[in-house]
Amino acid sequence: MKATILYQSRRGRTAAYARAMAMYLWSKGMSVSYSSVADFKPEQLQGCDLLMLGCWTSGWFVIRQHPNKIWVDFAKKLPGQLPPRIILFATYKIHTGSMFEKMKKHLGLQSTKLLDILKSKTGILGYRERDLLDKYVAEIKTEHLHRD
C-alpha cells in the first residue's frame with residue numbers, strides 16, 4: 001500500500017499540509033513517498049495506490065485562482081498514466097475559487113468528475129481530511145487483501 005504526495009509550496013503552509021497528510025497515512029500503515037514537485041522522480045509513482053498533488057493558491061483573493069508556473073510545469077512532466085486514485089489539495093488565504101478546475105486542466109483530467117479535493121487555510125489536517133484519508137486507506141487495504 002503506497003501513497004505518493006507531491007506538492008509545491010511558497011511559504012511553507014502547503015509543505016506543512018502535505019507533511020501532515022504523509023504522517024497521517026504513514027500512521028495508518030501506508031508506505032509514503034513525499035516530496036516537493038522540484039524533487040519529483042517518476043519512480044515515485046511505481047506501485048502507487050494513491051496520488052496526492054498539491055499547490056498553494058495563486059491569483060487574486062477571490063477570483064482567477066490558479067496553480068503557479070512551477071506546479072504547471074511539473075504537471076506537464078507527469079506520465080500520461082496516473083495512479084487510479086488522485087486527491088488534489090491546496091492551501092489558500094480567502095477562497096480556492098477555480099483552483100481545482102485549473103489543476104485538473106493542467107493534469108489533463110478535466111473530464112474526470114469524481115476527484116476528491118482537500119483545502120486548508122492553515123495547513124493543519126482536520127477531522128474532515130482524516131475521515132477522507134481513512135476512507136482511501138480502507139479501500140486500498142481491501143483491494144490489496146483481495147489481490148493477495
Side-chain angles (χ1 to χ4, degrees), residues 1-137 139-140 144:
M1 297 186 333
K2 179 181 175 186
T4 300
I5 303 173
L6 304 166
Y7 66 91
Q8 202 282 316
S9 189
R10 180 176 173 199
R11 293 194 174 121
R13 188 178 314 153
T14 309
Y17 196 40
R19 185 173 36 257
M21 289 185 268
M23 294 303 295
Y24 187 77
L25 289 170
W26 177 78
S27 76
K28 298 295 181 176
M30 292 198 71
S31 169
V32 180
S33 173
Y34 151 83
S35 73
S36 73
V37 297
D39 297 327
F40 169 69
K41 293 174 183 55
E43 49 272 10
Q44 286 176 281
L45 297 180
Q46 292 176 348
C48 180
D49 297 296
L50 173 61
L51 176 60
M52 300 179 72
L53 302 169
C55 185
W56 59 280
T57 302
S58 183
W60 296 349
F61 287 106
V62 180
I63 60 171
R64 296 192 183 178
Q65 288 82 4
H66 60 278
N68 72 341
K69 183 173 176 4
I70 294 169
W71 194 90
V72 171
D73 291 344
F74 151 77
K76 291 176 185 173
K77 295 176 187 172
L78 284 171
Q81 183 67 33
L82 294 174
R85 295 173 191 89
I86 299 172
I87 297 175
L88 300 179
F89 65 94
T91 56
Y92 63 101
K93 286 187 179 182
I94 295 177
H95 198 317
T96 56
S98 57
M99 179 69 172
F100 295 109
E101 288 305 315
K102 299 266 177 71
M103 290 173 83
K104 284 171 59 173
K105 177 185 166 210
H106 291 296
L107 292 166
L109 301 172
Q110 49 281 42
S111 63
T112 305
K113 299 263 190 265
L114 299 173
L115 193 66
D116 279 313
I117 60 169
L118 296 174
K119 54 188 176 178
S120 175
K121 281 186 176 184
T122 63
I124 295 172
L125 196 62
Y127 293 111
R128 179 189 164 285
E129 292 94 343
R130 290 177 189 172
D131 288 346
L132 179 68
L133 294 177
D134 286 342
K135 178 188 91 165
Y136 276 93
V137 169
E139 185 180 296
I140 292 165
H144 278 260

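Keep in mind the model is a prediction, meaning the values are calculated, not measured. These values consider heavy atoms only, across backbone and side chains, with no hydrogens, waters or symmetry-generated copies.
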Inset, instruction - Identify, with sequence neighbours excluded, every residue that meets salt bridge (charged side-chain N to carboxylate O under 4.0 Å, His left out) alongside Lys76. - result: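 Lys76: no salt bridge (charged side-chain N to carboxylate O under 4.0 Å, His left out) contacts found.
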Inset, instruction - With rounding to the nearest 0.5 Å, note down the distance linking CE in Met103 to SG in Cys55. - result: 6.0 Å
Under the side chain to side chain donor-acceptor pair (under 3.5 Å) rule, collect the residues that match up with [X], sequence neighbours excluded.
X: Thr4; value: none
X: Asp131; value: none
X: Glu139; value: Arg85

How close do [X] and [Y] get, heavy atom to heavy atom, and via which atoms?
X: Thr57; Y: Ala90; answer: OG1-CB, 3.9 Å
X: Ser9; Y: Gly12; answer: OG-N, 3.0 Å
X: Gln44; Y: Ser35; answer: NE2-OG, 3.2 Å
X: His106; Y: Pro67; answer: CD2-CG, 4.0 Å
X: Leu51; Y: Pro83; answer: CD2-CD, 3.8 Å

Check whether any side-chain heavy atom of [X] sits under 4.5 Å from a side-chain heavy atom of [Y], and report yes or no.
X: Ser33; Y: Ile5; answer: no
X: Tyr136; Y: Leu25; answer: no
X: Leu50; Y: Val137; answer: no
X: Tyr7; Y: Ser36; answer: yes
X: Asn68; Y: Gln8; answer: yes
X: Phe100; Y: Lys119; answer: yes
X: Met23; Y: Trp26; answer: yes
X: Ile87; Y: Leu133; answer: yes

Legend entry - Donor-acceptor pair, side chain of Lys2 and main chain of Gln46, under 3.5 angstrom: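 Yes, the answer is positive, given that a donor and an acceptor are paired below the 3.5 Å cut-off.
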Inset, instruction - Using the side-chain contact (heavy atoms from CB on, under 4.5 Å) rule, take Leu88 and Leu107 through it: C-alpha gap first, then chi angles, then the decisive distance, then the call. - result: CA-CA 11 Å; Leu88 300 179; Leu107 292 166; 3.7 Å; yes
Legend entry - Leu78 and Leu45: CA distance, side-chain angles, deciding distance, side-chain contact (heavy atoms from CB on, under 4.5 Å) verdict: CA-CA 10 Å; Leu78 284 171; Leu45 297 180; 4.2 Å; yes
Legend entry - Selection residues 32-45 - residue pairs positive for salt bridge (charged side-chain N to carboxylate O under 4.0 Å, His left out), sequence neighbours left out: none
Inset, instruction - Give the C-alpha distance, both sets of side-chain angles, the deciding distance and a yes or no for side-chain contact (heavy atoms from CB on, under 4.5 Å) between Met21 and Leu118. - result: CA-CA 10 Å; Met21 289 185 268; Leu118 296 174; 3.7 Å; yes
Legend entry - Basic-acidic side-chain contact under 4.0 Å: Arg130, Asp134: no
Name every donor-acceptor pair, under 3.5 Å, that has one atom in a side chain of residues 13-20 and the other anywhere in the protein, sequence neighbours excluded.
unit_1 : atom_1 : unit_2 : atom_2 : d
Arg13  : NE     : Lys121 : O      : 3.4
Arg13  : NH1    : Tyr92  : O      : 3.4
Arg13  : NH1    : Lys121 : O      : 3.2
Thr14  : OG1    : Thr91  : OG1    : 2.5
Tyr17  : OH     : Glu129 : OE2    : 3.2
Arg19  : NH1    : Tyr34  : OH     : 3.3

